[in-house]
Amino acid sequence: MADMGAFRDAVTGWAAGNPGGPACELAERLRVRTAVLLEGPSDLAAVETLAARHGRDLPAEGVCVLPMGGAMSVGRYAALLGPPGLGLRLTGLCDEGERRFYDRGLQRARAPRQGVFVCVSDLEDELIRALGVARVEEIVEAEGELQAWQTFLRQPAQQGRPSQQQMRRFLGTKKGRKIRYGRLLVEALDSQRVPAPLDDLLASV
């Protein structure tokens, strides 16, 4: 039986230049109504984890969460999935520095832009601020990476930098780390401390 993962893969292939027939067929079969456009897989991990915490099954609700491989792809995805293509409702999450790509891409696709929620720097920064660096350090230690973190802090480039910036940089220094901690940091959040962009995104779909 087809699932939302198959639709996600079909859309990714379509965006890369493959035929759109499989994505169109799956969208109808799965009754997809909303596409959440995200920059990358760490954002996906965070959104899916928060949805699970709220007891929500997004695929069953017709919501497909799509990592696009970077904000510069949003125009292509919006054209395929929004009014010019499948006619899905579009929403998303982006970094402040990448907002212009979302604004431009959604405008060209004739899709409303108010459904895009913006992180100040990026989602990792939002999560670190919500938890506090000390709590994130505890999570890093629990994951067996305390020594790697301490070694990172001794690097000359990190001297004098604010601890929050150091932690944000650390999370991006190893392949797969941002994805793993995207899930772990959301799991650790107090329900009243969920960053507004992430909380508002989930409430909107």
Side-chain angles (χ1 to χ4, degrees), residues 8 34-59 63-74 91-102 114-153 155 157-158 160-205:
R8 183 186 296 151
T34 299
V36 181
L37 304 180
L38 303 176
E39 293 186 44
S42 62
D43 301 322
L44 172 65
V47 171
E48 289 186 332
T49 301
L50 185 62
R53 282 190 54 172
H54 283 270
R56 294 185 59 182
D57 184 345
L58 296 182
V63 177
C64 182
V65 186
L66 278 158
M68 301 178 296
M72 287 185 288
S73 298
V74 68
T91 185
L93 185 74
C94 69
D95 306 343
E96 178 62 46
E98 314 298 344
R99 184 174 189 170
R100 65 190 186 280
F101 296 115
Y102 274 70
Q114 62 267 30
V116 176
F117 301 92
V118 182
C119 300
V120 173
S121 293
D122 55 23
L123 184 54
E124 288 74 29
D125 181 65
E126 296 276 358
L127 293 170
I128 293 166
R129 281 192 288 113
L131 287 165
V133 173
R135 178 68 182 102
V136 179
E137 283 181 334
E138 291 176 357
I139 297 168
V140 168
E141 182 175 10
E143 288 297 298
E145 293 200 293
L146 182 61
Q147 183 174 354
W149 165 239
Q150 292 172 339
T151 299
F152 173 81
L153 289 178
Q155 295 178 0
Q158 300 308 315
R161 298 185 70 189
S163 59
Q164 184 173 319
Q165 291 182 16
Q166 292 171 332
M167 181 60 76
R168 176 171 167 250
R169 180 72 185 97
F170 173 73
L171 296 183
T173 56
K174 182 179 179 181
K175 184 176 180 180
R177 184 180 277 155
K178 286 177 68 173
I179 300 171
R180 178 157 53 103
Y181 282 94
R183 174 179 57 81
L184 291 168
L185 299 188
V186 171
E187 287 177 345
L189 283 170
D190 182 278
S191 60
Q192 303 302 313
R193 299 282 296 173
V194 177
L198 185 58
D199 201 32
D200 291 344
L201 172 67
L202 189 61
S204 76
V205 298

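Numbers here are sequence positions counted from 1.
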Using side-chain contact (heavy atoms from CB on, under 4.5 Å) as the criterion, list what pairs up with [X], not counting sequence neighbours.
{"X": "E126", "value": "C119, V120, L123, R129, P195, P197"}
{"X": "S121", "value": "D125, R168"}
{"X": "R100", "value": "R104"}
{"X": "P59", "value": "M4, D57"}

Between atom [atom1] of [X] and atom [atom2] of [Y], what is the distance when rounded to the nearest 0.5 Å?
{"X": "Q166", "Y": "W149", "atom1": "CD", "atom2": "CH2", "answer": "5.0 Å"}
{"X": "S42", "Y": "D122", "atom1": "OG", "atom2": "CG", "answer": "8.0 Å"}
{"X": "Q158", "Y": "Q165", "atom1": "CD", "atom2": "CD", "answer": "9.0 Å"}
{"X": "L44", "Y": "T49", "atom1": "CG", "atom2": "OG1", "answer": "8.5 Å"}
{"X": "L153", "Y": "R169", "atom1": "CG", "atom2": "CZ", "answer": "13.0 Å"}
{"X": "L50", "Y": "L201", "atom1": "CG", "atom2": "CG", "answer": "9.0 Å"}

**Study point:** Check: P41 and K178 side chains under 4.5 Å, non-hydrogen atoms
**Key:**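 Of all side-chain heavy-atom pairs linking P41 with K178, none is under 4.5 Å.
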Review point. Does some side-chain heavy atom of L58 sit less than 4.5 Å from a side-chain heavy atom of L202?
Key: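 With C-beta onward as the side chain, the pair touches.
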Which atom pairs, donor and acceptor, lie under 3.5 Å between side-chain atoms of residues 179-189 and protein residues at least two apart or in another chain?
{"unit_1": "R180", "atom_1": "NH1", "unit_2": "E143", "atom_2": "OE1", "d": "2.9"}
{"unit_1": "R180", "atom_1": "NH2", "unit_2": "E145", "atom_2": "OE1", "d": "3.2"}
{"unit_1": "Y181", "atom_1": "OH", "unit_2": "E145", "atom_2": "OE1", "d": "2.7"}

Check your understanding: What pairs of residues pass the salt bridge (charged side-chain N to carboxylate O under 4.0 Å, His left out) test when at least one of them lies in residues 132-142, not counting sequence neighbours?
Key ->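 Applying salt bridge (charged side-chain N to carboxylate O under 4.0 Å, His left out) to every pair that reaches into residues 132-142, excluding sequence neighbours, yields R135-E138.
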Practice item. Would you please name every residue forming a ring pair (Phe, Tyr, Trp, His ring centres under 6.0 Å) with Y102, sequence neighbours left out? Key: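 So Y102 forms no ring pair (Phe, Tyr, Trp, His ring centres under 6.0 Å) with any residue.
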Review point. Looking at residues at least two apart in the chain, or sitting in another chain, which of them share a salt bridge (Lys or Arg N to Asp or Glu O under 4.0 Å) with E39?
Key: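 Expected list: none.
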Point to revise | All salt bridge (Lys or Arg N to Asp or Glu O under 4.0 Å) counterparts of R53, not counting sequence neighbours | key: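 R53: no salt bridge (Lys or Arg N to Asp or Glu O under 4.0 Å) contacts found.
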**Study point:** Residue pairs passing the ring-ring contact (aromatic ring centres under 6.0 Å, His included) test where at least one lies in residues 121-146, sequence neighbours excluded
**Key:**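 ring-ring contact (aromatic ring centres under 6.0 Å, His included) check on residues 121-146 returns no pairs.
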Point to revise | Set of residues satisfying side-chain hydrogen bond (donor to acceptor under 3.5 Å, both in side chains) with respect to T91, sequence neighbours excluded | key: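 If we apply the side-chain hydrogen bond (donor to acceptor under 3.5 Å, both in side chains) test to T91, skipping adjacent residues, there are no hits.
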Review point. Which side-chain hydrogen bond (donor to acceptor under 3.5 Å, both in side chains) pairs, counting each pair once, include a residue from residues 190-205, with sequence neighbours left out?
Key: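 Checked against side-chain hydrogen bond (donor to acceptor under 3.5 Å, both in side chains) - neighbours excluded - no pair reaches residues 190-205.
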